[in-house]
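Here is the structure we will look at.
Letters A, B, ... mirror the listed sequences (proteins, then strands); counts begin at 1. Keep in mind that what you see is a predicted model, and the values were worked out from it rather than measured.
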2 protein chains.
Amino acid sequence: MTRTRVERKEQTRRAILDAALRLTADTSLVAISLRQVAKEVGIVPTAFYRHFDSVESLGLALVDESFESLRGLLREVWLRSPQFRDYIDGSLPVLADHVRSHRSHYTFVVRERTAGPPLVRAAIRREIELITRELATDVARVPGSDAFSTDHLNLLADLIVSFVVTTAERFIEEPDAEARIMAEARTQLRMLMVGALNWRSPR
Amino acid sequence: MTRTRVERKEQTRRAILDAALRLTADTSLVAISLRQVAKEVGIVPTAFYRHFDSVESLGLALVDESFESLRGLLREVWLRSPQFRDYIDGSLPVLADHVRSHRSHYTFVVRERTAGPPLVRAAIRREIELITRELATDVARVPGSDAFSTDHLNLLADLIVSFVVTTAERFIEEPDAEARIMAEARTQLRMLMVGALNWRSPR
DNA sequence: GCTTTGAGTGAACAAGCGTTCACTGAAAGG
DNA sequence: CCTTTCAGTGAACGCTTGTTCACTCAAAGC
């Protein structure tokens with residue numbers, strides 16, 4: 001099939017990542033052995049080392065991959081956000097779509113965020129913090145956000161991101177209840193936004 | 001030391017639970033073997049089976065134990081809540097205290113909630129749902145809550161509980177930043193409450 | 001006081017673990 | 001064309017895994 005050496009290598013690497021995503025659908029990375037991954041891929045355990053030097057570093061690659069497409073998505077949504085209202089209400093269906101079409105990555109992130117190997121946990125945390133910071137600068141551009149001090153703006157962004165993480169967890173937890181979860185989350189997000197719109201930071 | 005047979009058995013059971021809590025400080029239950037637990041306790045692997053028939057059922061016992069003291073605490077806090085304001089603002093220090101004095105249980109719950117064996121995950125979820133329902137009926141007694149339909153009241157309770165879970169995660173994640181996390185969480189909880197106080201359910 | 005109960009023992013098992021090492025054989029490079 | 005590179009092989013290592021079984025021996029029950 002694939003002729004060149006780099007192509008073949010990339011193809012095996014891809015197969016390892018996919019195998020790991022398949023295995024982490026059921027359990028955490030910390031409960032998965034190098035040999036299980038190799039068997040799932042269809043290679044010998046030693047060959048694994050040509051691509052990653054441990055299951056943990058495989059996990060780091062999966063974190064990168066998971067957040068890559070997410071960040072692209074967010075950038076797109078935020079750039080074309082016409083108004084604050086749409087941007088909030090419109091975000092949940094976008095999230096639901098993205099979770100549905102990247103189920104295995106989200107399953108991985110949601111689980112490893114609290115249970116993964118230390119470096120994996122740290123990497124996920126860093127990515128989420130990054131997104132929070134981007135959201136804060138984005139919200140700062142919304143008219144009316146001058147009722148918020150910088151600190152409080154960051155706290156609002158953090159509150160929203162936390163809520164979104166919780167919502168993503170639920171989409172993963174109950175894939176069949178997507179519509180219900182989204183409807184409930186929308187109401188909750190509105191409650192939160194009513195709070196934001198009536199907020200006055202002390203000065 | 002302890003003479004009677006039931007006392008001795010209970011003592012070993014306790015030692016197993018404690019050993020599991022010690023081991024799950026570092027990693028998830030799914031990555032821990034029955035033999036590791038036995039070695040940590042100082043008993044032979046076979047003796048483990050006299051108390052639990054798998055690591056998973058040990059996990060279920062730990063879930064029970066974890067939520068027992070938490071529910072007692074909540075009942076106490078809610079019963080003596082003088083006003084809505086105090087009850088919200090006062091809850092965070094109580095949470096921080098409880099997390100600090102039951103660190104290993106919270107570490108366990110926070111991690112196993114998303115990464116534990118299926119039955120353990122389900123048990124934790126059930127307990128959290130129970131607390132949410134109790135909070136909803138409690139909030140219903142607060143004057144002014146009639147602006148909320150029953151559904152919206154449940155959603156508000158769920159929003160608060162989710163937020164508290166996130167906050168507990170952070171206390172565990174960064175034990176040294178307790179004061180900072182609590183201060184930030186208080187502001188965020190107030191934002192959320194401003195939303196609640198300005199909410200009008202459509203009728 | 002004699003029997004029953006049952007928590008804990010210790011050996012044994014087949015299987016799985018991460019990592020090492022010397023190897024093959026085809027693509028890459030000069 | 002002949003050499004080098006390197007992804008993937010397969011055997012071997014010492015250790016850990018869950019579970020079984022027959023066992024000991026002190027407290028419990030009569």
Does the side chain of B:Gln11 get closer than 4.0 angstrom to OP1 or OP2 of C:dA7 through an N or O atom?
no

Would you kindly give the CD-to-C1' distance between A:Gln36 and C:dC17, to the nearest whole Å?
10 Å

Roughly how many Å is it from CG in A:Leu34 to C1' in C:dT20, rounded to a whole number?
13 Å

Which of these nucleotides, C:dT9, D:dG8, D:dG10, is closest to any side-chain atom of A:Thr46?
D:dG10

Between A:Val37 and A:Ala19, the two heavy atoms sitting closest are O-CB, 4.3 Å

Whole angstrom value for the distance that separates P of C:dG6 from NZ of B:Lys9:
8 Å

Think B:Thr12 has a side-chain N or O under 4.0 angstrom from the OP1 or OP2 of C:dG8?
yes

With the side chain counted from C-beta on, respond yes when B:Leu58 and B:His51 share a heavy-atom pair under 4.5 Å apart, and no when they do not.
no

Between D:dT19, D:dA7, C:dA7, spot the one nearest the side chain of B:Pro45, thanks.
D:dT19

Taking atom CD of B:Glu68 as the centre, report whether more than 12 heavy atoms of other residues, nucleotides or ligands fall under 6.0 Å from it.
no

From the set C:dT9, D:dG8, D:dT20, return the single nucleotide nearest to any side-chain atom of B:Tyr49.
D:dT20

To the nearest angstrom, the CZ-C1' distance between A:Arg8 and C:dA28 comes to 14 Å

In whole angstroms, how far is the P atom of D:dT5 from the CZ atom of A:Arg50?
13 Å

Check every strand shown and say whether B:Ser54 touches a base, only sugar-phosphate, or nothing at a heavy-atom separation below 4.0 Å.
nothing

Please compare B:Val6 and A:Ile43 by the position of their nearest nucleotide in DNA chain D and report the one closer to 5'.
A:Ile43

Taking only the side-chain heavy atoms of A:Val44 (C-beta and beyond), determine which of D:dT9, C:dG8, D:dA7 contains the nearest atom.
D:dT9

Ignoring hydrogens and angles, state whether a donor on the side chain of A:Ser162 or B:Thr166 is under 3.5 Å from an acceptor on the partner side chain.
no

Nearest listed nucleotide, side chain of B:Arg5, among D:dT20, D:dA7, C:dG6:
C:dG6

If you check every side-chain atom of A:Thr4, which of D:dT19, C:dA28, D:dG8 has the closest atom?
C:dA28

D:dT19 base / B:Arg35 side chain donor-acceptor hit below 3.5 Å:
yes

Roughly how many Å is it from CD in A:Glu7 to P in D:dA7, rounded to a whole number?
15 Å

Is there side-chain contact between A:Phe148 and A:Val139, with at least one heavy-atom pair below 4.5 Å?
no

Using whole Å, report how far NZ of A:Lys39 lies from P of C:dA15.
11 Å

State which of C:dA28, D:dT17, C:dA7 makes the closest approach to the side chain of B:Ser33.
D:dT17

Between CZ of A:Arg13 and P of D:dA7 the distance, given in whole Å, is 13 Å

The residue, A:Ile32 or B:His51, whose nearest nucleotide of DNA chain C is more 5′ is B:His51

State plainly whether the residues B:Glu129 and B:Arg125 are in salt-bridge range, i.e. N to O under 4.0 Å.
yes

